[in-house]
2 protein chains.
Amino acid sequence: MEEIRRFLESKGVHPSYHRIKIMEYLMKNKSHPTVETIYKDLHKEIPTLSKTTIYNTLNLFAEKGIVTVLTIDEREARYDLETETHGHFKCKKCGKVFNVWLSEDITDKLTTEGHIVEEVHLYLKGICKECSGKKN
Amino acid sequence: MEEIRRFLESKGVHPSYHRIKIMEYLMKNKSHPTVETIYKDLHKEIPTLSKTTIYNTLNLFAEKGIVTVLTIDEREARYDLETETHGHFKCKKCGKVFNVWLSEDITDKLTTEGHIVEEVHLYLKGICKECSGKKN
DNA sequence: GTATCTGCAAAACATTTGCAATTCT
DNA sequence: AGAATTGCAAATGTTTTGCAGATAC
């Protein structure tokens with residue numbers, strides 16, 4: 001708790017109670033949660049927490065570079081705390097999002113023709129291990 | 001026109017007039033257009049064409065594997081006809097989307113842990129050559 | 001003549017915004 | 001008190017859906 005407070009302050013984010021709890025949630029749940037998921041889970045514990053605050057907080061975190069916004073899901077945004085370069089795999093059947101690692105850096109293999117690259121997103125889609133094992 | 005008709009038929013899509021015109025538009029405009037862009041442009045030529053039909057058609061094309069849906073833009077979907085593996089770069093300033101090519105195939109460098117990969121999307125974001133040259 | 005295709009209007013859904021109430025120092 | 005944070009309700013913008021009318025084979 002005190003650690004999170006200091007971390008947020010170091011990133012230039014005033015550590016309010018709600019912001020600390022959302023940050024704590026993201027640290028515990030690395031499953032690329034959506035706003036809806038965060039709201040459902042945290043609302044139990046903190047009934048006064050609103051969706052607007054979650055949106056506000058995540059947008060602030062994204063601005064400050066604390067989280068990465070994933071658009072692998074066409075419908076709703078997902079949020080990731082991981083900073084190390086990696087990709088994401090989304091199962092078309094169950095909708096779960098998994099991390100995917102690259103055996104080597106690809107940034108130097110890109111022909112970007114003079115554009116300045118700030119973010120790299122690698123999104124894979126298909127059928128996950130668990131779903132492909134099932135009959136249907 | 002006759003060529004497009006045959007192509008759509010080979011993909012299992014009944015080649016109606018509107019579908020042919022949308023397909024033709026995608027072939028001419030490789031700039032990853034949005035539904036709005038397609039509508040604005042084609043509506044001049046075909047005043048009876050509705051946005052619903054464009055949505056219906058693009059969803060059908062996506063189902064049949066004729067187009068790829070890009071979610072590089074958080075707000076609206078973009079559509080791409082290219083089948084060859086490549087990435088996309090979106091300029092945070094002007095919003096334009098450019099193609100980006102990889103010097104080698106990355107699919108074999110992925111640790112996908114038993115998941116079946118059907119689609120690979122590489123999205124880059126930053127400032128494009130043209131925008132970075134400008135003063136503002 | 002029956003299937004399919006089309007298009008309007010309404011609904012659905014995620015996200016943003018305006019603004020007033022609350023909280024914190 | 002004053003500035004920042006919060007939360008409700010309404011607005012926004014994209015996409016989907018229901019259904020009636022048009023079109024095609």
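First the proteins, then the strands, lettered A, B, ... as listed; each starts at 1.
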Any residue meeting side-chain hydrogen bond (donor to acceptor under 3.5 Å, both in side chains) with E113(B), in chain and number order, not counting sequence neighbours: none
Separation of atom CG in D73(B) from atom C1' in dG13(D), rounded to whole Å: 12 Å
Set of residues satisfying salt bridge (Lys or Arg N to Asp or Glu O under 4.0 Å) with respect to E36(A), sequence neighbours excluded: K51(A)
Partner residues of T37(B) under the side-chain hydrogen bond (donor to acceptor under 3.5 Å, both in side chains) criterion, sequence neighbours left out: T34(B)
DNA chain D contacts made by residues 37-60 of chain B, counting heavy atoms under 4.0 Å: T52(B), Y55(B), N59(B)
Strand partner of dT23(D), provided both Watson-Crick or wobble distances fall under 3.5 Å: none
Residue whose nearest DNA chain C nucleotide is more 5′ - H14(A) or R78(A): R78(A)
Criterion side chain to side chain donor-acceptor pair (under 3.5 Å) on D80(B) and H121(B), from CA distance to verdict: CA-CA 12 Å; D80(B) 195 350; H121(B) 298 259; over 6 Å; no
Base-pairing assignment for dA3(C) (Watson-Crick or G-U wobble, both under 3.5 Å): none
Side-chain cluster (under 4.5 Å, hydrophobic types only) that I72(A) belongs to, other residues: L70(A), V97(A), Y123(A), L70(B), I72(B), V97(B), Y123(B)
Non-neighbouring partners of H14(A) that pass side-chain hydrogen bond (donor to acceptor under 3.5 Å, both in side chains), sequence neighbours left out: none
Validation row, ring centre F98(B) to ring centre H115(A) under 6.0 Å: yes
Minimum heavy-atom distance between L49(B) and Y39(B), given as atom pair plus value: O-CE1, 3.4 Å
dA3(D): syn or anti, per glycosidic angle within 90° of 0: anti
S16(B) vs R75(B), nearer the 5' end of DNA chain C by closest nucleotide: S16(B)
With sequence neighbours excluded, residues passing salt bridge (Lys or Arg N to Asp or Glu O under 4.0 Å) with E45(B): K21(B)
Contact check, side chains of Y25(B) and D41(B), non-hydrogen atoms, under 4.5 Å: yes
Under 3.5 Å, which N/O atoms of the protein pair with N/O atoms of nucleotides 19-23 of chain D?
none

Nucleotides bounding contact with chain B, strand DNA chain C, heavy-atom threshold 4.0 Å: dC5(C) to dA9(C)
Neighbours of DNA chain C within residues 17-30 of chain B, by heavy-atom distance under 4.0 Å: H18(B), R19(B)
Crowding at NZ, K40(A) (>12 non-hydrogen neighbours, <6.0 Å): no
All salt bridge (Lys or Arg N to Asp or Glu O under 4.0 Å) counterparts of R78(B), not counting sequence neighbours: D73(B)
Salt bridge (charged side-chain N to carboxylate O under 4.0 Å, His left out): pairs with one or both residues in residues 56-68 of chain B, sequence neighbours excluded: none
